[in-house]
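Here's the structure, in structure tokens; my notes come after.
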Amino acid sequence: MPAGIARCLNPNDVATSIKWARRYHFPLVARSGGHSAGDYSVTTGLMIDTKLMNQATFDSRTGIATIGGGTLNAGVYDALSQNNATITHGRCPTVGAAGFLLGGGIGFNIRRLGIACDALVSSQIVTADGDILTLSEKENPSLFWACRGGGGGNFGINTSFSVQTTSVPDLITGAKLLWKAEPDRVFPALMAALQESPVTLGTWTTLGAVTPEQLAEGQDVTVYFEGQLVGTEAELKKILAPVYEVAQPADSDIKEMSYWDAQEFFSDIEKPTEFQNRGFYFAGPVSEDAIGTILYWMRRWPGTDIYAQLSFLRTGGKANTVRSDATAFVHRDNDWYMIWYLKWNQKDSAQTVDENLAWLSAFYDAMRPFTIPQAYQNFVDPSLTDYLQQYYATNLPRLERIKAAVDPTRVFNFPQAIPPRHRPVHRW
């Protein structure tokens with residue numbers, strides 16, 4: 001629990017809180033949405049809570065939405081939907097917009113619109129010195145670069161974001177499809193179809209793990225597809241025709257609807273529980289050997305009271321047209337993002353949890369040879385030892401130099417924070 005919470009209404013409150021914490025040598029942490037998988041938005045010191053800074057406005061002349069630093073996705077959705085506009089956004093309404101944008105921002109729209117931070121045109125930040133700065137391509141451009149993918153909590157506390165929106169499409173087809181049999185044929189057919197799909201289709205494909213006991217009883221790995229197409233139901237079914245030829249889904253829900261009705265259709269809220277996420281990026285098609293390895297391990301899950309899943313987000317498209325060094329978000333040469341979700345609760349014994357974590361670790365290591373050694377910084381993985389390279393890769397040295405310039409004493413710090421890199425002093 002924090003020793004104190006500063007509930008800030010404006011940037012001056014944030015600046016005052018930072019200066020107070022520094023004066024009295026109190027550790028501090030910023031909290032907006034609070035969706036930190038590593039608990040990095042909690043502290044035993046001063047929690048600077050921006051949730052009251054939750055205004056979201058829209059300029060109909062420019063199409064620019066300005067979002068307060070404590071706004072949750074639900075507030076962003078509300079402002080955008082009222083103006084028939086959108087950006088790349090996630091599906092969980094309780095995620096904080098600040099963390100989402102600072103770490104990049106992925107979702108169904110990335111192939112069509114790009115990474116969310118690519119649409120950021122300006123931001124306001126309070127630095128370690130308590131200075132309130134405006135960031136853009138023209139004002140403080142290096143720090144603006146760092147705040148587009150450098151991750152939350154590294155360079156200061158961002159109190160607002162302005163993003164360039166686009167008009168929503170006239171028609172969306174949303175689909176939720178479940179296959180309960182023949183994963184050895186359905187999964188590769190689906191991945192192959194999606195590899196060739198147009199950028200107007202955004203998809204999550206999720207495999208549900210089974211234990212050896214469940215497998216012996218006739219259950220098998222499930223294949224669950226969620227997709228959002230700018231187009232008609234007939235167009236989506238044509239894309240998925242090769243999969244339907246292999247097997248018909250056990251459950252099917254396909255609808256033509258308006259854009260924001262589709263987002264309600266896909267809204268993702270789960271009850272809090274213990275969990276571990278791990279992830280990798282893929283370049284090119286997911287190979288036959290990779291698929292075989294995936295299915296092998298998905299059938300050897302030790303089992304918990306909840307579930308274990310492996311999901312694939314189709315990436316690429318416009319997200320990959322931006323240079324890897326144009327923003328701090330470096331992941332620009334991939335076709336898929338793969339993420340494990342392992343969940344358990346208090347009904348599971350410590351031994352069960354240990355067995356599941358060991359299974360996940362072995363599964364993760366088995367997939368290394370097939371992947372790009374990079375992880376998405378917004379899905380924090382506390383178990384990574386090479387996290388700085390995985391999150392930031394070739395952009396890390398520049399991020400370290402910017403950290404040294406704006407926060408040399410690491411006022412903003414957490415277990416996976418970017419460290420400052422000071423220029424060497426040469427004495428001749």
Q.
Could you walk me through whether Y224 and D251 satisfy the side-chain contact (heavy atoms from CB on, under 4.5 Å) test, starting with their C-alpha distance in whole Å, then the side-chain angles of each, then the deciding distance to 0.1 Å, before giving a yes or no?
A. CA-CA 9 Å; Y224 182 56; D251 295 308; over 6 Å; no

Q. Going through the distances and angles, do Q263 and Q228 end up as a side chain to side chain donor-acceptor pair (under 3.5 Å)?
A. CA-CA 9 Å; Q263 307 322 302; Q228 171 182 294; 2.9 Å; yes

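- A donor-acceptor contact shorter than 3.5 Å links the side chain of W359 to the backbone of W297.
- Every residue meeting the salt bridge (charged side-chain N to carboxylate O under 4.0 Å, His left out) condition with D129, not counting sequence neighbours, appears here in chain and number order: R22.
- By the neighbour-count criterion of 12 heavy atoms within 6.0 Å, atom CG of D170 is sparsely surrounded, having that number or fewer from other residues, nucleotides or ligands.
- Considering only heavy atoms from C-beta on, N109 comes within 4.5 Å of T86 through its side chain.
- When side chains are defined from C-beta on, I402 counts as touching F155, because their heavy atoms get closer than 4.5 Å.
- Because its NZ or CZ atom is not both nearer than 6.0 Å to the ring centre of F412 and within 45° of the ring axis, R410 does not count as a cation-pi partner of that residue.
- The SG atom of C92 lies 11.0 Å from the CZ atom of F100; values are rounded to the nearest 0.5 Å.
- Of the inter-residue distances, the one linking I172 atom CD1 with D261 atom CG reads 11.0 Å to the nearest 0.5 angstrom.
- Remark: the backbone N or O of Y392 is not paired with any side-chain donor or acceptor of H331 at under 3.5 angstrom.
- No side-chain donor-acceptor contact under 3.5 Å links S361 to the backbone of A358.
- Side-chain atoms of R31 and S36 form no donor-acceptor pair, as typed in the model, at a separation below 3.5 Å.
- Here T222 pairs with nothing under the side-chain hydrogen bond (donor to acceptor under 3.5 Å, both in side chains) rule; sequence neighbours left out.
- P415 is not listed as a side-chain neighbour of P382, based on a closest heavy-atom distance of 4.5 Å or more.
- In this structure, a donor-acceptor pair under 3.5 Å is present between the side chains of T327 and R332.
- Contact of the Y376 side chain with the Q390 side chain is not registered, since no non-hydrogen atoms from C-beta on lie closer than 4.5 Å.
- Checked against the 6.0 Å centroid threshold, Y77 and W260 count as a close aromatic pair.
- Remark: R398 qualifies as a cation-pi partner of W145 under the 6.0 Å distance and 45° angle criteria applied to the six-membered ring.
- At a threshold of 4.0 Å, the pair D381-R278 counts as salt-bridged, since one of the basic side-chain nitrogens sits closer than that to a carboxylate oxygen.
- Atom CD of E264 has 12 or fewer heavy atoms from other residues, nucleotides or ligands within 6.0 Å.
- Aromatic ring centroids of F108 and F266 lie under 6.0 Å apart.
- In summary, the side chains of W336 and Q195 do present a donor paired with an acceptor at a separation below 3.5 Å, with no hydrogens or angles considered.
- Taking the side chain as every heavy atom from C-beta outward, H35 and T94 approach each other to under 4.5 Å.
- Contact check for Y391 versus V380: side-chain heavy atoms found under the 4.5 Å cut-off.
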Q) Yes or no on side-chain contact (heavy atoms from CB on, under 4.5 Å) for V286 and I291, after CA distance, side-chain angles and deciding distance? A) CA-CA 7 Å; V286 180; I291 289 173; 3.9 Å; yes

Q. For Q276 and Y341, what are the C-alpha separation, side-chain angles and deciding distance, and is it a side chain to side chain donor-acceptor pair (under 3.5 Å)?
A. CA-CA 6 Å; Q276 168 77 334; Y341 299 92; over 6 Å; no

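- With W344 as the fixed residue, the side chain to side chain contact (heavy atoms under 4.5 Å, CB included) test singles out one of I306, L357, N356: L357.
- In this structure, CE in M338 is found 6.0 Å from CD1 in I294, a value given to the nearest 0.5 Å.
- The main-chain N or O of G231 is found under 3.5 Å from a side-chain atom of T173 such that the two form a donor-acceptor pair.
- Using a cut-off of 4.0 Å between Lys/Arg side-chain N and Asp/Glu carboxylate O, D325 and R323 are scored as salt-bridged.
- For the atom pair N345 CG and T304 OG1, the distance stands at 7.0 Å (nearest 0.5 Å).
- Closest approach of L177 to D253, counting heavy atoms only: CD2-N, 4.2 Å.
- Between the N10 side chain and the N12 main chain, a donor and an acceptor come within less than 3.5 Å of each other.
- Counting heavy atoms from C-beta outward, F312 and F225 have side chains that stay 4.5 Å or more apart.
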(Q) Set out, in order, the CA-CA distance, both residues' side-chain angles and the distance that settles ring pair (Phe, Tyr, Trp, His ring centres under 6.0 Å) for W340 and F363, then state yes or no. (A) CA-CA 10 Å; W340 286 269; F363 194 169; 5.2 Å; yes

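- A donor-acceptor distance shorter than 3.5 angstrom exists from the side chain of N395 to the backbone of S324, with no hydrogens or angles considered.
- Side-chain polar atoms of T50 and S32 form no donor-acceptor pair below 3.5 angstrom.
- The distance from the OG1 atom of T165 to the CG atom of N83 is 8.0 Å, given to the nearest 0.5 Å.
- Between the side chains of S136 and S122, no donor-acceptor pair of N or O atoms lies under 3.5 Å.
- The shortest non-hydrogen separation linking T71 to G68 is OG1-O, 2.8 Å.
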Q.
For a side-chain contact (heavy atoms from CB on, under 4.5 Å) check, start with the C-alpha distance between I48 and V29, then their side-chain angles and the critical distance, and finish with the verdict.
A. CA-CA 6 Å; I48 300 178; V29 71; over 6 Å; no

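- Minimum heavy-atom separation, Q164 to V121: CB-CG1, 4.1 Å.
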Q: Kindly indicate, with the supporting measurements, whether the criterion side-chain contact (heavy atoms from CB on, under 4.5 Å) is fulfilled by V76 and V163.
A: CA-CA 11 Å; V76 178; V163 291; over 6 Å; no

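- Using a distance-only test at 3.5 Å, with no hydrogens or angles considered, no donor-acceptor pair links the side chain of R368 to the main chain of Y364.
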(Q) Show, in sequence, the C-alpha distance, side-chain angles and deciding distance for T200 and R111, and conclude whether the side chain to side chain donor-acceptor pair (under 3.5 Å) test is met. (A) CA-CA 7 Å; T200 50; R111 301 179 68 209; over 6 Å; no

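- Aromatic pair W20/F26: centroids less than 6.0 angstrom apart.
- Residues R148 and E137 are paired through a salt bridge, judged by an N-O separation under 4.0 Å between the basic side chain and the carboxylate.
- In this structure the side chain of I372 never reaches within 4.5 angstrom of the side chain of F282, judged on heavy atoms.
- Proximity of a side-chain donor or acceptor of N158 to a complementary backbone N or O of S160 within less than 3.5 Å is not detected.
- The side-chain tip of K176 points at the ring of F265 from less than 6.0 angstrom away and within 45° of straight on.
- Panel note: side chain T203, backbone E226; no donor-acceptor pair is recorded below 3.5 Å.
- In this structure, T315 contributes its side chain and D335 its backbone to a donor-acceptor pair below 3.5 Å.
- In this structure, P183 and R299 approach most closely via the heavy-atom pair CG-NH2, 3.4 Å.
- A side-chain donor-acceptor contact under 3.5 Å links Q124 and T159.
- With values rounded to the nearest 0.5 angstrom, S123 atom OG is found 6.5 Å from L102 atom CG.
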